[in-house]
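For clarity, every value in this text was computed on a predicted model and none was experimentally measured. Lettering of chains follows the sequences in order, A, B, ..., and the numbering in each one begins at 1.
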Number of protein chains: 2
Amino acid sequence: MPRGIEATLLAAVVEGRIKPGSKLSENQLAEAFGVSRTLVREALTRLEARNIVLVQPRKGWFVVEPSAEEAAEVYATRRILEYGFLINAAPFTEAQIADLQAHIEEERKAVDQNDKTRLTYLMGDFHVRIVKQSGNATLVETMRTLAARTNLISLRYQSEHNALASHKDHVAIFEAIARGDMKAAARLSYEHLEDVEAGIMIDTSPNAIDLLKNTLRLDEAPNGRG
Amino acid sequence: MPRGIEATLLAAVVEGRIKPGSKLSENQLAEAFGVSRTLVREALTRLEARNIVLVQPRKGWFVVEPSAEEAAEVYATRRILEYGFLINAAPFTEAQIADLQAHIEEERKAVDQNDKTRLTYLMGDFHVRIVKQSGNATLVETMRTLAARTNLISLRYQSEHNALASHKDHVAIFEAIARGDMKAAARLSYEHLEDVEAGIMIDTSPNAIDLLKNTLRLDEAPNGRG
DNA sequence: GTCGCGCTTCTTGCATACAAGATTGAAATG
DNA sequence: CATTTCAATCTTGTATGCAAGAAGCGCGAC
């Protein structure tokens with residue numbers, strides 16, 4: 001059941017039920033899952049390889065609290081990945097568009113009901129769902145991990161994330177994809193992720209973002225913006 | 001020493017000293033490293049999370065033999081990542097250009113000396129070195145893992161890889177970066193990785209590539225080619 | 001010779017035992 | 001009362017033991 005433990009813990013992170021910095025006791029998890037520490041450690045080791053948790057020697061396992069640098073890295077990587085995918089992708093098929101539309105509809109419902117746990121999940125899953133259309137499991141897994149890390153960033157830095165603004169961005173990206181304008185979709189996606197990152201960083205420290213953008217040499221807007 | 005075990009095994013894969021399909025016995029590795037099976041299993045678990053090895057239950061651990069689909073995924077992801085990075089990156093600084101030039105020089109030496117083990121490593125490391133200039137550890141780690149998987153693909157499918165052709169491509173990409181033409185660099189990188197993939201697939205099955213390109217919806221050339 | 005069956009051996013799966021550092025709390029001392 | 005120190009406890013780190021399935025091999029039957 002080691003994969004089940006990893007998946008369960010990851011789901012808890014993705015849905016925001018486990019906060020960054022939480023301690024994960026091997027013994028408690030072992031008891032909760034009804035297995036020995038061995039399997040728990042295996043699952044935690046896998047999650048550590050994905051930068052979801054980390055172990056402090058002889059102290060314990062903790063859900064990572066992404067530093068500002070880490071946060072910038074994750075967002076930059078997400079932008080690169082999704083932009084690179086969309087800009088080079090063939091226009092989506094009807095079925096693929098329908099799949100995305102179904103997601104957008106779910107988002108809208110969650111916004112209406114103000115279901116925050118579900119929104120947390122859906123906001124990241126939108127981007128996973130986009131790259132999922134490639135059928136590229138490697139790409140999807142990478143994006144899934146980044147989305148999980150993004151949640152930890154949001155939970156740490158963002159007191160109250162503006163789900164409505166994100167949802168509107170998602171709708172705009174969806175509409176560009178739906179009309180076959182992948183170039184616009186790529187650009188909108190890039191800008192959307194920049195905005196989300198900026199919103200989070202402003203919550204923390206007003207000028208932190210400029211500092212970080214200099215660290216990572218990725219602050220040039222894609223063609224068609226400046 | 002679990003990290004050391006993982007790093008050692010990964011290095012062996014990256015340098016082509018361990019072939020895809022090789023069996024990795026927990027007992028033998030434990031003896032070789034002078035530790036118990038526990039630490040070996042931890043290292044193997046980490047490598048499994050990176051798709052470098054896999055375990056067949058009750059049978060053993062094996063270095064992955066990437067399927068044609070997997071190979072296509074890895075190349076597609078590399079293209080997306082590197083294209084997305086370069087197209088959005090600011091022009092490189094003098095120091096960054098010098099770093100890449102040093103790598104190109106190393107490649108040239110290895111080509112001259114026909115040092116195949118070193119070439120195997122350098123061919124993948126070039127792309128790692130490019131994204132390294134971002135200072136984005138997340139991005140670098142992702143690319144590093146993909147480069148390792150690419151080596152397994154080459155070793156499995158490519159009887160004799162044309163290092164000279166790849167080197168020339170690398171030089172062209174470097175020159176584009178050096179003159180600050182990131183757009184050209186991105187395009188050249190994309191095409192280079194396409195060519196390498198095509199070369200490998202042709203060795204295997206002449207028409208396999210078309211089949212695969214249809215599976216992944218990523219066969220559109222970036223702007224400026226078709 | 002060839003096919004099939006069973007035993008032996010080798011493999012990983014998982015639990016457990018013990019070691020050793022980190023933490024916490026209480027007791028003793030100033 | 002404050003502070004310090006030591007012991008009890010809790011944490012992970014690593015090795016080991018045992019179970020269970022897979023594979024290889026030899027022997028016997030046909």
>> Tell me every residue that passes salt bridge (Lys or Arg N to Asp or Glu O under 4.0 Å) with B:Asp169, counting only those two or more places apart in sequence or in another chain.
In response: none
> Which whole-number value in Å describes the distance from B:Leu24 CG to C:dC10 P?
Replying inline: 19 Å
>> Measure CH2/B:Trp61 against C1'/C:dG13 and give the value in whole Å, please.
In response: 11 Å
>> Expressed as a whole number of angstroms, how long is the span from B:Phe62:CZ to D:dA23:C1'?
In response: 11 Å
> Taking atom C1' of D:dT12 as reference, at what distance in whole Å does atom CG of A:Leu29 sit?
Replying inline: 13 Å
> Do A:Arg46 and A:Glu42 pass the salt bridge (charged side-chain N to carboxylate O under 4.0 Å, His left out) test, and can you show the C-alpha distance, the side-chain angles, and the key distance before you say yes or no?
Replying inline: CA-CA 6 Å; A:Arg46 282 210 177 83; A:Glu42 185 181 328; 3.1 Å; yes
> How long is the line joining NZ of A:Lys23 and C1' of D:dC10, in whole Å?
Replying inline: 8 Å
>> Which residues pass the salt bridge (Lys or Arg N to Asp or Glu O under 4.0 Å) test with B:Arg37, not counting sequence neighbours?
In response: B:Glu26
> Please give, in whole Å, the distance from C:dG13 P to A:Ile5 CD1?
Replying inline: 14 Å
> In whole angstrom, what separates B:Glu48's CD from C:dG13's P?
Replying inline: 9 Å
> Mind checking what makes salt bridge (Lys or Arg N to Asp or Glu O under 4.0 Å) contact with A:Arg17, not counting sequence neighbours?
Replying inline: A:Glu15
> Tell me, which pairs form a ring pair (Phe, Tyr, Trp, His ring centres under 6.0 Å) where one or both residues lie in residues 119-150 of chain A, sequence neighbours left out?
Replying inline: A:His103-A:Phe126, A:Phe126-A:His170, A:His127-A:His170, A:His127-A:His192
>> Strictly under 4.0 angstrom, non-hydrogen atoms only: write out the protein contact profile of nucleotides 15-22 of chain D, one letter per nucleotide from the 5' end, B, S or -.
In response: BBB-BBSS
>> Which residues pass the salt bridge (Lys or Arg N to Asp or Glu O under 4.0 Å) test with B:Glu107, not counting sequence neighbours?
In response: none
> For the pair made of CD in B:Glu26 and C1' in C:dC10, what is the distance, rounded to whole Å?
Replying inline: 12 Å
